[in-house]
Trainee: 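Sending over a structure as structure tokens; questions will come in a sec.
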Amino acid sequence: MTPDELSRALSAALTSAVADGSLDLPADAVPASVHVERPRQREHGDWATNVALQLAKKAGVAPRALAEELASRLGATPGVKAVDVAGPGFLNITLDAAAAGELARTIVETGAVYGRTDALADQTINLEYISANPTGPLHIGHTRWAALGDAMVRILRAAGADVTAEYYVNDAGAQMDRFGGSVLARIRGTEVPEGGYRGEYVAELGAKVLAEHPEIVDLPDDDALALARESGYRVQLAEIREVLESFGVHFDVWFSERSLHESGAVEQAVERLREQGHVDDREGAVWLRTTDFSDDKDRVLIRANGEPTYFAADAAYYLSKKDRGFPGKIYLLGADHHGYINRLKAISAAAGDDPERNIEILIGQLVSVEGAKLSKRAGNIVELRDLVEWIGADAVRYSLARYPADTPLELAGEEMLKQSNDNPVFYVQYAHSRTCAVDRNAAERQVRRHHDDGADAFDPALLDHPTEAALIGRLTEFPRIVAQAAELREPHRVARYLEALAADYHKWYGECRVLPYPDEPVEAVHRTRLWLNDAVRQVLANGLDLLGVSAPERM
RNA sequence: GCGCCUGUAGCUCAGUGGAUAGAGCGUCUGCCUCCGGAGCAGAAGGUCGGGGGUUCGAGUCCCUUCAGGCGCACCA
């Protein structure tokens with residue numbers, strides 16, 4: 001019995017109580033699906049609901065009386081073993097072991113699809129994340145968005161959404177000239193210009209550019225600068241793409257800011273917004289009246305000198321997403337960009353969209369390592385590439401994906417990121433590899449999943465140990481956790497779930513033997529438990545995949 | 001000054017109005033003669049920053065206050 005089935009049974013109990021007059025409620029006050037949740041305390045049963053507390057006032061009866069009424073009706077439901085009324089009016093529901101345990105077979109049969117839902121099936125989403133400037137390597141801050149963003153893509157898709165993952169390449173503007181100037185300075189051994197990029201990686205880029213284009217030393221300044229800029233840009237962007245791919249992060253679209261300028265999309269965007277009536281010409285510049293939409297000041301689109309601003313490109317980019325058929329646009333931005341929320345939403349509104357529905361801006365807080373902030377100009381850059389080399393992609397991805405985006409994260413460098421047993425990723429992976437070890441040993445001991453006639457050797461009524469009820473209950477939650485993580489845009493919920501599942505598995509493993517002792521015969525309970533072991537392995541693997549973390553068979 | 005985010009165990013953090021607030025690390029005590037001890041069982045450790053309010057019920061919602069982070073360009 002799944003929580004959905006239980007929920008429907010509760011609704012039915014309510015409806016029938018209303019129908020025969022024992023409950024005085026308007027028909028529209030009966031919820032279509034009653035919320036059930038797993039109680040914190042095991043002795044409160046498998047599932048609990050507070051529906052009686054919520055409806056008591058509307059029905060004009062005492063919560064406990066309503067709860068009693070529901071309990072007596074629900075108690076007759078097949079698969080329900082007991083219904084108790086507790087506290088102020090909670091319903092605590094215990095399922096038959098057989099009804100609950102059936103889930104193990106369902107999971108095994110559903111396989112990799114278990115956990116997928118159609119919760120967001122009607123959504124087409126463009127998810128933009130990282131979008132770091134191509135003027136330097138990705139550091140740990142970007143790594144957080146990489147781990148989180150990619151997990152979010154996977155989770156949204158698991159919930160049925162149609163998702164395009166996109167990286168916006170800021171390859172236009174004055175910063176690119178400063179970047180080119182910095183590369184050239186390193187090639188020529190001159191002083192890096194004011195406001196330029198000083199990291200050691202610039203020298204490495206310079207060396208690569210020089211190797212490809214030895215003629216650069218003899219070119220006139222302007223030509224040399226352009227060559228250093230373009231060549232350095234190409235090398236740096238290629239490296240970013242390569243590092244991300246090796247990190248298991250894949251983008252469907254790499255969108256160039258420059259292309260917006262070159263195609264005329266920026267000018268067109270200004271005109272389109274003008275037609276919508278939100279553009280003013282003042283003081284020689286062209287403004288978007290973002291204050292119409294709760295921004296605290298208007299924003300310049302075209303400067304007095306005729307140059308478009310970065311904001312104008314943002315507007316053009318937004319319109320591009322809209323034109324390319326994405327009603328939903330999610331931006332995953334760093335906390336240092338939170339001042340952009342209002343103006344981006346203003347673009348959405350000015351474009352005739354609904355900022356409540358068509359644009360969603362998730363602000364991720366910054367990462368610091370042992371108190372040190374990480375910025376491209378500071379000396380203490382921790383690069384994504386180095387992190388992966390140091391502790392492995394799995395540990396990095398998991399460590400960053402298990403926290404919500406809006407918590408400022410302070411990683412205790414060595415301690416937390418090191419490859420050791422302290423890291424929860426190994427706890428979860430270990431549980432998975434343990435299920436595989438059991439599976440290998442089962443084959444050796446000839447514990448089989450099917451009878452000779454091909455029928456399942458699976459008797460769920462035998463899964464009646466308390467740790468089995470806990471484990472099965474946990475497995476039941478998985479699809480809801482995934483759907484919830486997708487709806488709330490919170491991938492960390494999947495990680496936390498996996499940790500709880502791994503804990504339930506380890507406890508079960510300690511209490512219940514899957515395989516018989518060497519001197520004992522193989523019995524029905526062993527075969528049945530093997531199914532449960534399979535189910536756990538499947539869910540651990542499915543969940544780890546949603547986080548882009550491997551599920552090793554041996555460690 | 002204005003705005004956003006965050007204050008939960010010694011540390012790093014979970015907890016989308018429910019019952020006795022949780023996990024990992026660290027500290028202490030047990031458990032390998034049998035499926036992987038990267039595990040399990042137990043102990044210690046809390047004014048959920050402070051103060052008001054909303055209600056059957058608040059770590060969670062509202063107001064206020066304190067502390068920390070970040071942001072407030074015709075920069076990108």
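Here is how names work: the chains are called A, B, and so on, in the same order as the sequence lines, proteins then strands, and each is numbered from 1.
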Trainee: Counting side-chain heavy atoms from CB outward, which of B:C56, B:C74, B:C40 is closest to A:H506?
Mentor: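 Minimum distance to the A:H506 side chain belongs to B:C40.
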Trainee: Using distance alone, with no hydrogens and no angle criterion, decide if A:Y310 and A:Q175 have a side-chain donor and acceptor under 3.5 Å apart.
Mentor: no
Trainee: For the residue pair A:Y233 and A:D171, confirm or rule out a side-chain donor-acceptor distance under 3.5 Å.
Mentor: yes
Trainee: Quick one: A:L53 CG to B:G17 C1', roughly how many Å, whole number?
Mentor: 11 Å
Trainee: Are A:R299 and A:W287 in a cation-pi contact, defined as NZ or CZ under 6.0 Å from the six-membered ring centre and within 45° of the axis?
Mentor: no
Trainee: Taking OP1 and OP2 of B:G39, is either one under 4.0 Å from a side-chain nitrogen or oxygen of A:K507?
Mentor: no
Trainee: Do A:Y403 and A:Q365 pair up side chain to side chain, a donor and an acceptor below 3.5 Å, judged on atom types alone?
Mentor: no
Trainee: Would you mind pulling out the nucleotide paired to B:U47, Watson-Crick or G-U wobble, both distances under 3.5 Å?
Mentor: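 No nucleotide pairs with B:U47.
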Trainee: Return the nearest nucleotide to the side chain of A:R299; candidates are B:U55, B:A19, B:A73.
Mentor: B:A73
Trainee: With a 4.0 Å cut-off on heavy atoms, is A:A431 in touch with a base, just the backbone sugar-phosphate, or nothing at all?
Mentor: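 The residue A:A431 makes no contact with any strand.
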Trainee: Looking at the side chain of A:K297, which of B:C72, B:G18, B:U20 is the nearest nucleotide?
Mentor: B:C72
Trainee: Does A:Y430 lie flat on the base of B:G36, that is, centres under 5.5 Å apart and planes under 30° off?
Mentor: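 No, A:Y430 does not stack on the base of B:G36.
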Trainee: Should A:T407 be listed as having a side-chain N or O under 4.0 Å from OP1 or OP2 of B:A14?
Mentor: yes
Trainee: Among B:G36, B:G18, B:C40, find the nucleotide with the atom closest to the side chain of A:Y427.
Mentor: B:C40
Trainee: A:R493 side chain: which of B:C40, B:G15, B:C5 is closest?
Mentor: B:G15
Trainee: Report the nucleotide, chosen from B:U6, B:A38, B:G18, that has the shortest atom-to-atom distance to any side-chain atom of A:D406.
Mentor: B:U6
Trainee: Have a look at A:E511 and say if it touches a base, only the backbone sugar-phosphate, or nothing, with a 4.0 Å heavy-atom cut-off.
Mentor: nothing
Trainee: When you check the phosphate oxygens OP1 and OP2 of B:G36, does a side-chain N or O of A:N441 lie under 4.0 Å from one of them?
Mentor: yes
Trainee: Side-chain N or O of A:R40 versus OP1/OP2 of B:A19: is the shortest distance under 4.0 Å?
Mentor: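 Yes.
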Trainee: Once you apply a heavy-atom cut-off of 4.0 Å, does A:C436 come out as touching a base, just sugar-phosphate, or nothing?
Mentor: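 A:C436: no heavy atom of the nucleic acid under 4.0 Å.
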Trainee: Will you find, in the side chains of A:T291 and A:D298, an N or O donor that is under 3.5 Å from an N or O acceptor?
Mentor: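 There is such a pair between these side chains.
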Trainee: Tell me whether A:H337 is stacked on the nucleobase of B:G71, counting only the six-membered base ring and applying the 5.5 Å and 30° thresholds.
Mentor: no
Trainee: Can you tell which of B:A38, B:G69, B:G3 lies closest to the side chain of A:F426?
Mentor: B:A38
Trainee: Would you kindly give the CG-to-P distance between A:L362 and B:C5, to the nearest whole Å?
Mentor: 13 Å
Trainee: For the base of B:G18, is there a side-chain donor-acceptor partner from A:N50 under 3.5 Å away?
Mentor: yes
Trainee: Please measure how far the C1' atom in B:G42 lies from the corresponding atom in B:G52, and state the result in whole Å.
Mentor: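 B:G42 and B:G52 have their C1' atoms separated by 41 Å.
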Trainee: So which nucleotide from B:G18, B:G36, B:A19 ends up closest to the side chain of A:A86?
Mentor: B:A19
